[in-house]
Amino acid sequence: MTYVIGIDGGGSKTVCILMDDKHQVLGRGAAGASNYQSIGVTAAIQSIHSAIQTAANEALKFTSTIQISAICLGLAGVGRSDDIAVVKSMVQELQNSQFLPITWDLQPDNIVICHDALIALVGGVGHDVGIVVAAGTGSIVFGRNHQGETKRVGGWGYILGDEGSAYKIAVAGMQAALKSYDGREISTSLIKDFQKHLGLQNIAELIEVIYRRGWGVKEIASLAPIVDLAATSGDELANNIIDDAVKELVKATSTVIESIFSPDSVVEIVTTGSVWQGKSQIHERFTTAVVNQFPQVKVMFPRYKPVYGAGLLALQSLVR
């Protein structure tokens, strides 16, 4: 039996699966963050090591020996050649560990290192051709065609990009509330909604919340559902914000389609991230807009998780 490892590593957690060549997952493990650019190489290795160890110990319930023939690491922020070199050194250190209940039989071609958008695509559609539209705290659209050509749009972070993300929706909602409070915009329920959610006596107290409590991107992004619910209730400004988010995500998606797919291609588009779980029909709005522009596409929710996509890519490296 052939065994492989898939890793989904990000800024908050690391997930690992140990899979056989029949696509059966024998073990899973989870640990802390593994974005080495934010936490350092040593801490990232520790997280990946811990996740692999948990997955391997679980897999030992089904087999007495585990020899790993391939590994795929889909890691946030990995894209440049310098990043690849760093992660390769991390894999080498993992192979030297005496605490993992596995043996390694890795060839250079069977060490797959990629960014997390690719494993989200492969996990989402079940293969490596299509488009992933990720809209969570941040946003990115990534596609790959049958020729192996790829196109990425967005993913530039909360200052330079992330249009259509929960962060941008939340910020736009707070800005709309404050403009309405000033009299620069029409009235909106967002004022009372933010006050109630944050326990504010006055919407002007947003200053203290956002600037003085040390709120980061994730905390601000967590306010996006307030805008979503206001849109569901018919608030005009909130609906405008959701419409703008949809337009940005549609534009990014159409750019990817037009860049690497032919006009008559049947393209699967998988949508991932918290934004798509909103109640304001954002997924339906997006789907309608994209299909109207490209009738041949199919928009879907993920078939599998990104870490499963990493496992599939690891298996795929063995048959090249």
Side-chain angles (χ1 to χ4, degrees), residues 1-36 38-78 83-84 86-124 126-128 272 302-319:
M1 186 68 72
T2 299
Y3 300 108
V4 302
I5 283 175
I7 299 286
D8 174 14
S12 58
K13 67 177 180 179
T14 301
V15 184
C16 167
I17 60 169
L18 197 151
M19 180 188 289
D20 65 22
D21 52 10
K22 299 185 184 300
H23 296 189
Q24 297 298 309
V25 176
L26 305 182
R28 297 176 183 271
S34 55
N35 186 336
Y36 81 90
S38 59
I39 66 172
V41 172
T42 300
I45 292 174
Q46 289 175 346
S47 292
I48 296 171
H49 185 284
S50 176
I52 292 175
Q53 190 169 36
T54 301
N57 286 333
E58 190 174 298
L60 287 173
K61 300 174 184 177
F62 306 98
T63 180
S64 58
T65 59
I66 303 172
Q67 179 171 285
I68 300 300
S69 301
I71 184 172
C72 172
L73 301 98
L75 305 177
V78 170
D83 298 323
I84 303 298
V86 170
V87 178
K88 282 184 177 179
S89 70
M90 293 165 62
V91 173
Q92 185 58 55
E93 188 161 339
L94 290 169
Q95 292 181 77
N96 294 334
S97 171
Q98 299 178 353
F99 300 100
L100 294 175
I102 57 180
T103 58
W104 301 88
D105 183 26
L106 296 178
Q107 301 300 316
D109 288 345
N110 306 131
I111 301 174
V112 182
I113 300 167
C114 60
H115 52 76
D116 51 354
L118 179 57
I119 64 171
L121 168 62
V122 176
H127 50 81
D128 61 0
T272 68
R303 292 192 173 104
Y304 309 103
K305 293 185 180 298
V307 70
Y308 191 79
L312 294 178
L313 284 169
L315 286 173
Q316 184 176 301
S317 74
L318 296 171
V319 294

Any donor-acceptor pair under 3.5 Å from [X] side chain to [Y] backbone:
{"X": "S89", "Y": "V86", "value": "yes"}
{"X": "Q53", "Y": "F99", "value": "yes"}
{"X": "S97", "Y": "E93", "value": "no"}

**Asked** So among L73, I113, I45, which one has a side chain to side chain contact (heavy atoms under 4.5 Å, CB included) with M90?
**Response**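 So, applying the side chain to side chain contact (heavy atoms under 4.5 Å, CB included) to M90 and each of L73, I113, I45, only I45 qualifies.
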**Message:** Taking side chain to side chain contact (heavy atoms under 4.5 Å, CB included) as the criterion, tell me which of D21, L26, T65, T103 meets it with Y3.
**Reply:**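 Going through D21, L26, T65, T103 one by one, the side chain to side chain contact (heavy atoms under 4.5 Å, CB included) with Y3 is satisfied by L26 alone.
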**Request:** Starting from the C-alpha separation in whole Å, work towards a yes-or-no answer on side-chain contact (heavy atoms from CB on, under 4.5 Å) for I84 and V78.
**Result:** CA-CA 7 Å; I84 303 298; V78 170; 3.8 Å; yes
Enter the distance from [X]:[atom1] to [Y]:[atom2] here, rounded to the nearest 0.5 Å.
{"X": "L75", "Y": "D83", "atom1": "CG", "atom2": "CG", "value": "9.5 Å"}
{"X": "M1", "Y": "F62", "atom1": "CE", "atom2": "CZ", "value": "12.5 Å"}
{"X": "L94", "Y": "H49", "atom1": "CG", "atom2": "NE2", "value": "6.5 Å"}
{"X": "L18", "Y": "E58", "atom1": "CG", "atom2": "CD", "value": "9.5 Å"}
{"X": "D20", "Y": "K22", "atom1": "CG", "atom2": "NZ", "value": "7.0 Å"}

**Request:** Would you sort out whether W104 and I5 count as a side-chain contact (heavy atoms from CB on, under 4.5 Å), showing the intermediate values?
**Result:** CA-CA 11 Å; W104 301 88; I5 283 175; 4.1 Å; yes
**Item:** More than 12 heavy atoms of other groups within 6.0 Å of R28 CZ
**Value:** no
**T14 versus S47, side-chain donor and acceptor atoms under 3.5 Å** =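 No, because no side-chain N or O of S47 sits under 3.5 Å from a partner of the opposite role on T14.
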**Test item: side-chain donor near acceptor, D8 and Y308, under 3.5 Å** =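 Side-chain D/A pair, D8 to Y308: absent.
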**Prompt:** Step by step, would you call S317 with D109 a side-chain contact (heavy atoms from CB on, under 4.5 Å)?
**Reply:** CA-CA 7 Å; S317 74; D109 288 345; over 6 Å; no
**Message:** Checking K61 against T63 for the side-chain contact (heavy atoms from CB on, under 4.5 Å) test, could you report, in this order, the C-alpha distance in whole Å, the side-chain angles of both residues, the deciding distance, and whether it holds?
**Reply:** CA-CA 6 Å; K61 300 174 184 177; T63 180; over 6 Å; no
**Message:** I'd like to check L121 versus D128 (side-chain heavy atoms, cut-off strictly below 4.5 Å). Are they in contact?
**Reply:**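 Not in contact.
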**Asked** Closest approach of S69 and N110, non-hydrogen atoms and distance?
**Response**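 In terms of heavy atoms, the two residues are closest at O-CB, 3.3 Å.
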**G126 versus L312, closest heavy-atom pair with distance** =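 Taking every non-hydrogen atom into account, O-CD1, 3.8 Å.
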